Novice: 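I have a structure here, written as structure tokens, and I will follow up with some questions on it.
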Amino acid sequence: QVQLAESGGGSVQNGGSLRLSCAASGKIFSFDVMGWYRQAPGKQRELVATIGNGGITNYGDSVKGRFTISRDNAKNTVYLQMNSLKPEDTAVYYCNIKRPLVPAYWGQGTQVTVSS
């Protein structure tokens with residue numbers, strides 16, 4: 001059973017930066033699609049970014065150009081560098097890993113709060 005531990009969340013002012021990390025208890029394989037999702041109060045959970053085999057990335061429109069997802073399979077870790085943060089980025093951010101034939105793994109979430 002893979003366990004995910006997110007870290008790096010916190011409070012920052014408008015325009016600030018944070019770097020989220022998600023460390024997996026087990027080995028991360030190249031075929032694992034790793035991602036970050038977020039959910040703000042009163043809103044549905046939305047895709048932030050994913051990174052798949054070969055480093056192919058996908059970003060939600062609202063974060064494109066500001067956030068960068070990366071992964072280090074050797075360290076079993078996925079990162080989310082968040083720059084130019086806006087108040088609307090305030091949400092609980094969840095780490096996600098999807099591999100073939102098994103349900104996705106989710107972290108417990110880490111709070112990111114951006115003040116205006």
Side-chain angles (χ1 to χ4, degrees):
Q1 181 71 213
V2 174
Q3 294 180 312
L4 304 176
E6 297 118 325
S7 62
S11 298
V12 66
Q13 291 192 59
N14 184 38
S17 297
L18 286 172
R19 180 176 171 86
L20 304 183
S21 299
C22 175
S25 62
K27 179 175 176 60
I28 300 301
F29 300 98
S30 61
F31 51 76
D32 292 332
V33 178
M34 311 176 73
W36 290 93
Y37 296 75
R38 68 186 184 186
Q39 187 167 24
K43 300 180 67 176
Q44 297 187 65
R45 185 173 298 186
E46 66 174 338
L47 168 71
V48 176
T50 62
I51 182 166
N53 191 25
I56 302 300
T57 58
N58 183 43
Y59 295 93
D61 289 340
S62 63
V63 307
K64 189 172 297 184
R66 300 186 297 120
F67 292 9
T68 303
I69 188 171
S70 61
R71 63 193 289 173
D72 188 336
N73 290 345
K75 296 181 178 179
N76 302 319
T77 302
V78 60
Y79 305 95
L80 184 69
Q81 178 67 46
M82 304 184 294
N83 298 326
S84 301
L85 283 162
K86 306 173 182 179
E88 50 264 44
D89 294 318
T90 296
V92 177
Y93 284 70
Y94 297 91
C95 178
N96 167 275
I97 297 178
K98 182 69 179 73
R99 61 180 41 154
L101 304 181
V102 297
Y105 298 98
W106 291 89
Q108 65 180 1
T110 184
Q111 177 70 47
V112 172
T113 302
V114 185
S115 61
S116 59

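In this text the structure is predicted, and so the values were computed from the model without any measurement.
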Novice: Where the side chain of Lys86 meets the backbone of Thr90, is there a donor-acceptor pair that is under 3.5 Å apart?
Specialist: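 A pair under 3.5 Å: no.
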Novice: Does Gln3 CD have over 12 foreign heavy atoms under 6.0 Å away?
Specialist: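 No, CD of Gln3 has 12 or fewer neighbouring heavy atoms, counting only those of other groups under 6.0 Å.
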Novice: Taking all non-hydrogen atoms of both residues, which atom of Asn14 and which atom of Pro87 are closest, and how far apart?
Specialist: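 Looking at all heavy atoms of both residues, the closest pair is OD1-CD, 3.5 Å.
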Novice: Could you state whether Leu20 and Tyr79 fall into the same hydrophobic cluster, counting links through intermediate Ile, Leu, Val, Met, Phe, Trp or Tyr residues with side-chain heavy atoms under 4.5 angstrom apart?
Specialist: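 No; tracing contacts between hydrophobic side chains, which count when under 4.5 Å, never links both residues.
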Novice: Rounded at 0.5 Å granularity, tell me how far OG in Ser30 sits from CZ in Arg71.
Specialist: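 With rounding to 0.5 Å, OG (Ser30) is 7.5 Å from CZ (Arg71).
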Novice: Nearest 0.5 Å, what's the OG1-CG distance between Thr77 and Leu4?
Specialist: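 Nearest 0.5 Å value for the OG1-CG distance: 10.0 Å.
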Novice: Are Ile51 and Tyr94 linked, directly or through other ILVMFWY residues, by side chains that come within less than 4.5 angstrom of each other?
Specialist: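 They do not share one cluster, since no chain of ILVMFWY contacts under 4.5 Å joins Ile51 to Tyr94.
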Novice: Going by atom type alone, with no hydrogens or angles, which donor-acceptor pairs under 3.5 Å involve a side-chain atom of residues 56-65 and a protein atom two or more places apart or on another chain?
Specialist:
unit_1: Tyr59; atom_1: OH; unit_2: Ile69; atom_2: N; d: 2.9
unit_1: Ser62; atom_1: OG; unit_2: Arg38; atom_2: NH2; d: 3.1

Novice: Measure the OG1-CE distance between Thr50 and Met34 for me, rounded to the nearest 0.5 Å.
Specialist: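 Nearest 0.5 Å value for the OG1-CE distance: 11.0 Å.
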Novice: State whether the number of non-hydrogen atoms from other residues, nucleotides or ligands found under 6.0 Å of Glu88 atom CD is greater than 12.
Specialist: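 Yes - once you tally the heavy atoms of other residues, nucleotides and ligands closer than 6.0 Å, there are more than 12.
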Novice: Can you tell me if Glu6 uses its side chain to pair, donor with acceptor, with the backbone of Gln108 under 3.5 Å?
Specialist: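 Yes: the side chain of Glu6 pairs with the backbone of Gln108.
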Novice: Within 45 degrees of the axis of the six-membered ring of Phe31 and under 6.0 Å from its centre: does Arg99 put its NZ or CZ there?
Specialist: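 Here Arg99 fails the 6.0 Å and 45° test against Phe31.
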Novice: Assign the ring pair Phe67 / Tyr93 to parallel, tilted or perpendicular, where the plane angle (0 to 90°) is split at 30° and 60°.
Specialist: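 It falls in the tilted class, 30° to 60°.
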Novice: Step by step, would you call Asp89 with Arg66 a salt bridge (charged side-chain N to carboxylate O under 4.0 Å, His left out)?
Specialist: CA-CA 11 Å; Asp89 294 318; Arg66 300 186 297 120; 2.7 Å; yes
Novice: What are the two closest non-hydrogen atoms of Lys98 and Leu101, and how far apart are they?
Specialist: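 Smallest heavy-atom distance, with atoms named: NZ-N, 4.2 Å.
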Novice: Grab the two heavy atoms, one from Ala24 and one from Val2, that are nearest each other, plus how far apart they are.
Specialist: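 Of all heavy-atom pairs spanning Ala24 and Val2, the closest is CB-CG1, 4.1 Å.
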Novice: For the residue pair Ser17 and Gln81, what are the closest heavy atoms and their distance?
Specialist: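 Where Ser17 meets Gln81 most closely, the heavy atoms are CB-NE2, 4.1 Å.
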Novice: I'd like to know if Trp106 and Val33 are part of one continuous hydrophobic network [Ile/Leu/Val/Met/Phe/Trp/Tyr, side-chain heavy atoms within less than 4.5 Å].
Specialist: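 Hydrophobic grouping puts Val33 apart from Trp106.
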Novice: Please say yes or no: joined through hydrophobic side-chain contacts below 4.5 Å, possibly via intermediate residues, are Tyr37 and Leu18 part of one cluster?
Specialist: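 Unlinked, Tyr37 and Leu18 end up in two clusters.
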